[in-house]
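In what follows, every heavy atom counts, from backbone to side chain, and hydrogens, waters and symmetry copies are set aside. Since the model is a prediction, treat every value here as computed from it, not as a measurement.
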Amino acid sequence: MKAKVLLITLCMVLINQCAMASRLPDDFWNYIKKTVPNSTQRFDSLVVFPDGTTYIPLYPAQQAEEKDIKIEYTYPSNLSLNSKPEVVIFNNNFVLLKLIKDKNGNFSITKNENLPLKVRLGVMPQDMLVPVGLQVPESMKLILGDLVIPQKGDNLITVNTDAKIDNIKDEKSQLFPLNELKNKKTIISTDKSKFVLVYNGSTTGTNKNSLYELKLNGLPSKILASNKSKFALVMYFGSKTLEVVDLTNERMVAQINLDDMPKDADLDSVNNIAYVASANASTVYAIDLNAAKLMKAIKLEQSPYKIAVSNDGESLAFIDRNTQKIYSLKPNTASDEGYVAKYIAEGKNLSRILYKNDKIYAISRTENKLSVYNEPEGVLTAEVMLNEKPVDAVFYHDKIYILCAKDSIINVFDTTNGKIVENIMLDNAGFYSKITMIPNQPNALITGIQTKKFLLLNLDKMVISKKQSTNINVSNIVIVDNAAPSREPAEAL
């Protein structure tokens with residue numbers, strides 16, 4: 001009996017050492033990607049299928065070296081990986097457990113306790129982000145290793161049940177009647193509170209939990225979200241610390257300390273990397289939103305203020321706060337080390353820059369002007385006048401939608417012919433200052449801190465298609481897709 005206990009103890013030690021790596025072996029991961037294309041591996045090695053179905057891997061005490069990886073057991077029986085069984089055992093001794101989410105938002109794994117020993121002796125990744133309240137059968141508690149299952153009261157981002165936003169009560173259910181947000185999660189911050197408003201559009205208006213508040217650790221200055229990983233990067237006023245938040249579990253997963261306060265950030269949506277500019281530190285920081293960690297710090301002679309990532313994710317553009325000069329930033333191909341900052345042009349009171357297809361688009365807030373530069377040649381190729389106070393802009397296909405706040409108008413610039421092709425009038429409700437794209441739709445939301453209104457912009461038709469009044473002042477707004485609903489009764493994370 002003692003020998004058996006000792007053997008199990010040694011197995012658990014070996015498993016825990018392996019599970020701390022939090023990265024599946026390359027051959028096993030390649031097998032999964034080949035079997036279920038477009039699957040992703042989260043920073044803690046959880047496997048996410050394209051439809052949002054999530055599997056927790058169990059690391060074995062001893063991995064079997066198999067040239068031809070195969071499934072040797074599933075529950076229910078005789079299912080392929082594409083059929084999404086609850087339990088999958090492979091011939092290399094790895095196990096995948098399906099993460100199940102019920103209609104009330106509770107997480108669990110399989111309730112079948114009559115499983116092979118390989119399942120009960122495996123262990124979850126030991127730096128895994130454990131879903132709040134995860135239910136694990138008593139006979140399988142060993143698979144947790146040293147993990148602790150957090151409860152709702154342990155959440156680092158806590159639900160505030162008492163505070164109200166501008167005394168909104170019965171009106172809450174009417175705050176987001178837009179069908180365009182039905183399968184989205186929308187996060188809104190104001191300019192005065194640590195509390196953010198969350199609208200979970202995967203539920204119907206009859207669900208009282210579709211609209212609620214969460215508390216952050218400070219007053220957010222900017223929130224940048226990845227639609228791929230469902231991670232958000234949060235910057236705070238007066239703070240050198242960034243936080244990475246899992247929008248699915250609504251928990252803070254990482255804190256990243258910078259040398260000085262950040263000023264701006266932009267997202268490389270190709271590689272899922274956020275680039276953060278800190279003028280005081282003369283540094284651009286690269287934050288990997290797949291792994292929720294700092295990748296690198298790019299030291300510069302300039303003081304980067306506004307920043308933009310190119311559409312291919314290979315290059316950056318930034319504005320020097322001290323000189324207002326525009327620079328591009330690329331890896332140093334000559335030495336394969338460091339980056340090269342290349343001077344592009346003089347700027348003046350630039351409110352926004354964009355970078356696409358080797359062209360940098362710079363918008364001047366005071367000169368009411370859009371300037372287009374060819375980055376490889378460093379020359380001005382086009383210049384157009386805009387309406388007064390252009391403050392924000394987004395790319396959609398080959399057009400740029402430029403929000404001009406003072407005139408309450410959107411200038412639509414066609415990059416193919418270099419002309420303004422449409423002017424979209426807004427109402428005179430106030431100072432609209434932000435355009436937010438709705439993922440996987442030809443729509444965007446127009447908001448402002450003092451407008452107390454949401455405008456829905458149809459980008460294809462170039463018209464304001466809907467208006468929605470509200471009692472809140474919007475500072476930041478983030479919209480991401482919810483996970484695709486499963487056709488099975490048990491919905492995955």
Within the 4.5 Å heavy-atom criterion, are [X] and [Y] side-chain neighbours or not?
X: Glu86; Y: Ile100; answer: yes
X: Leu329; Y: Phe318; answer: yes
X: Pro331; Y: Tyr339; answer: yes
X: Pro50; Y: Val36; answer: yes
X: Leu267; Y: Leu289; answer: yes

Sequence neighbours left out, what passes side chain to side chain donor-acceptor pair (under 3.5 Å) with Asp460? Give chain and number order.
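Only Tyr396 meet the side chain to side chain donor-acceptor pair (under 3.5 Å) criterion with Asp460.
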Run the side chain to side chain donor-acceptor pair (under 3.5 Å) test against Gln63 and tell me which residues pass, sequence neighbours left out.
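In terms of side chain to side chain donor-acceptor pair (under 3.5 Å), with neighbours along the sequence ignored, Gln63 is linked to no residue.
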Can Thr53 and Asp51 be counted as having a side-chain donor-acceptor contact under 3.5 angstrom?
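Side-chain D/A pair, Thr53 to Asp51: present.
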Have Ser139 and Glu113 got a donor and an acceptor in their side chains that come within less than 3.5 Å?
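The criterion, which ignores hydrogens and geometry beyond distance, is satisfied for Glu113 and Ser139.
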If you draw a 6.0 Å radius around CG in Asn82, do more than 12 non-hydrogen atoms from other residues or ligands fall strictly inside?
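Enclosed: over 12 neighbouring heavy atoms sit under 6.0 Å from CG of Asn82.
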Can you tell me if Lys141 has over 12 outside heavy atoms packed within less than 6.0 Å of its NZ?
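Count over threshold, so yes.
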Atom of Arg120, atom of Leu115 and distance for their closest heavy-atom approach:
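Smallest heavy-atom distance, with atoms named: NH1-O, 2.6 Å.
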Note: [X]-[Y] ion pair, threshold 4.0 Å (strictly below):
X: Lys230; Y: Asp246; result: no
X: Asp259; Y: Lys299; result: yes
X: Glu250; Y: Lys185; result: yes

Just say parallel, tilted or perpendicular for the rings of Phe49 and Tyr55, cut-offs at 30° and 60°.
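Taking Tyr55 first and then Phe49, their aromatic rings sit tilted (interplane angle of 30° to 60°).
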Test side chain to side chain contact (heavy atoms under 4.5 Å, CB included) on Ile438 and Leu456 and set out the steps.
CA-CA 10 Å; Ile438 301 178; Leu456 185 70; 3.8 Å; yes
Step through it carefully: locate the ring centre of Tyr59, locate the ring centre of Phe94, and say whether they are under 6.0 Å apart.
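Under 6.0 Å, so yes.
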